[in-house]
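This report concerns only the one structure given below.
Positions are given from 1 along the sequence. One-based numbering, in listed order, for ligands and for the atoms of each. Bear in mind that the values here come from a model prediction, so they are computed numbers and not experimental data. The basis for the numbers below is simple: all heavy atoms, side chains too, and nothing from hydrogens, waters or symmetry mates.
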Amino acid sequence: MTERPKTLVRRTPWPQSSSRAVGTPLQPSVVYASESPDALDAQYEGRTQGYSYAREGHPNADVLATKIDGMEGATGGFITGSGMAAVTAALLGCLKAGDHVVGGDQLYGRSMRLMTDDLPRFGIATTLADPTDAAAIERALRPETRMILIEVVSNPTLRVADLDGIARLARDRGILLAIDNTFTTPRGVRPFDHGADIVIHSVTKMLAGHADVTLGYVAARDPEVRKAMLGCAVTLGLTPSPFDCWLAERGLYSFELRYDRAEQNARALADHLAGLPRVKRVLYPMRHDHPDHNRAMSLLNGRGGHMVTFEIEGGRAQGNALVQAAKNIAFAPTLGDIGTTLSHPATSSHRALSPEYRARLGLGEGVFRISVGVEPIEILCAEFADAIRAAADVAAR
Ligand SMILES: *Cc1c(COP(=O)(O)O)cnc(C)c1O
């Protein structure tokens with residue numbers, strides 16, 4: 001018999017090192033080998049700490065979750081495969097048939113769809129109400145209301161919720177208050193400090209910050225609520241990829257720098273836009289003409305965030321011209337990238353709504369939302385001024 005070629009490669013342990021990697025190692029392994037059935041028992045019974053199967057947890061997710069926990073003042077938060085997976089874990093993990101949930105009436109589009117189209121199929125009823133008015137939320141409550149889900153700052157009109165008023169209501173009635181903190185980030189507000197029970201993030205946006213990762217995060221104050229959400233996430237397969245977690249954690253190190261720069265830019269760009277001809281209105285919470293300016297000053301501590309919404313005169317033709325003229329600004333339905341992006345609610349985030357409902361929200365064809373990035377502000381001001389002039393030229397022709 002001829003000798004077997006020596007090309008067989010076997011699985012071996014990771015090399016030991018007395019020095020440690022400074023950059024976070026990436027651990028893509030799906031499975032983890034245990035020493036014995038006894039060792040596995042100890043792990044499942046919580047007497048030792050260890051991983052078994054990546055859908056149930058892995059180091060890159062834990063490293064990322066722990067860092068976001070620190071930012072939010074949370075413990076035991078976990079990472080999901082998308083922001084929507086985090087919303088799903090919160091809703092499906094905590095609610096059952098017969099329950100009722102109240103949502104903000106300007107929630108992220110898919111969160112709204114989950115509540116109005118999907119939850120009813122499982123016997124869970126939803127009412128939407130205006131979160132800038134705690135009395136409106138109170139009127140929507142029923143004896144079987146189990147959760148309130150709101151965002152602190154709404155998309156794209158940047159209305160600021162009465163977080164403290166709603167938290168008081170929720171506490172008095174024993175209703176879980178879930179806050180999607182994606183727009184505000186923990187640099188704007190830490191919802192647990194205001195009485196939230198659950199905090200949700202689309203890590204995809206400002207936290208990861210580079211438009212190359214889709215991830216979510218969810219944490220709860222009560223360990224029982226956490227357990228219910230995590231169990232649901234693991235069963236439904238909402239858990240994340242190690243590489244995405246690795247990328248997001250890498251992005252997190254520059255979060256403060258990116259956020260502060262983008263916010264400073266947003267403030268200056270909002271004022272610049274407001275001074276341009278053909279700009280009908282500018283929405284930015286730190287501006288005195290914003291309807292929730294006072295609440296933003298107290299709740300957000302004067303932090304206006306990196307989102308600016310503005311409206312130009314005209315319709316689709318002017319909108320097309322504006323986008324085409326702004327060649328260096330990606331026209332893309334996202335936010336939180338290090339580079340400035342521009343979106344058009346009427347054809348993206350709010351396209352599922354009827355034109356009448358959009359008009360009621362003040363979201364006509366001329367409305368654009370900017371997710372302001374970290375570019376030098378003079379460049380942004382010049383590019384937007386040029387683009388708005390190009391839109392106005394169409395009108396003049
Ligand atoms: C983007 C977003 C989501 C959904 O996050 P994905 O990561 O895209 O699934 C949820 N809530 C808000 C406020 C968002 O902006």
Short side-chain donor-acceptor distance under 3.5 Å, E56 and T239: no

Tell me the protein heavy atom at minimum distance from atom 7 (O) of ligand 1, and give that distance in Å. T204 OG1, 2.6 Å

May I ask you to check if ligand 1 and M84 share an N or O to N or O distance below 3.5 Å? yes

Would you mind checking which non-hydrogen protein atom is closest to atom 6 (P) of ligand 1, with the distance to 0.1 Å? G83 N, 3.3 Å

Regarding H100 and T126, is there a side-chain donor-to-acceptor distance under 3.5 Å anywhere? no

If you take the nearest heavy atom of each of D180, T214, T182, which one is closest to atom 11 (N) of ligand 1? D180

May I ask you to decide whether D172 forms a salt bridge with R168, counting only side-chain N to carboxylate O separations under 4.0 Å? no

Does any N or O of ligand 1 fall below 3.5 Å from an N or O anywhere on L335, backbone included? no

More than 12 non-hydrogen atoms from neighbouring residues, nucleotides or ligands closer than 6.0 Å to CZ on R351, yes or no? no

If I apply the N/O under 3.5 Å rule, does S111 come out as touching ligand 1? no

Atom 5 (O) of ligand 1: closest protein heavy atom, distance to 0.1 Å, is S202 OG, 2.9 Å

Write out the residue and atom name of the closest protein heavy atom to atom 2 (C) of ligand 1, then the distance separating them to 0.1 Å. K205 NZ, 2.5 Å

More than 12 heavy atoms from other groups under 6.0 Å of OH on Y53: no

For atom 4 (C) of ligand 1, which protein heavy atom lies nearest, and how many Å away is it? Y108 CE2, 3.4 Å

More than 12 heavy atoms of other groups within 6.0 Å of R358 CZ: yes

Do Q43 and T48 have side-chain N/O donor and acceptor atoms under 3.5 Å apart? no

Report the part of E151 (side chain from C-beta onward, or backbone N, CA, C, O) that has a heavy atom under 4.0 Å from ligand 1; answer both or neither where that applies. side chain

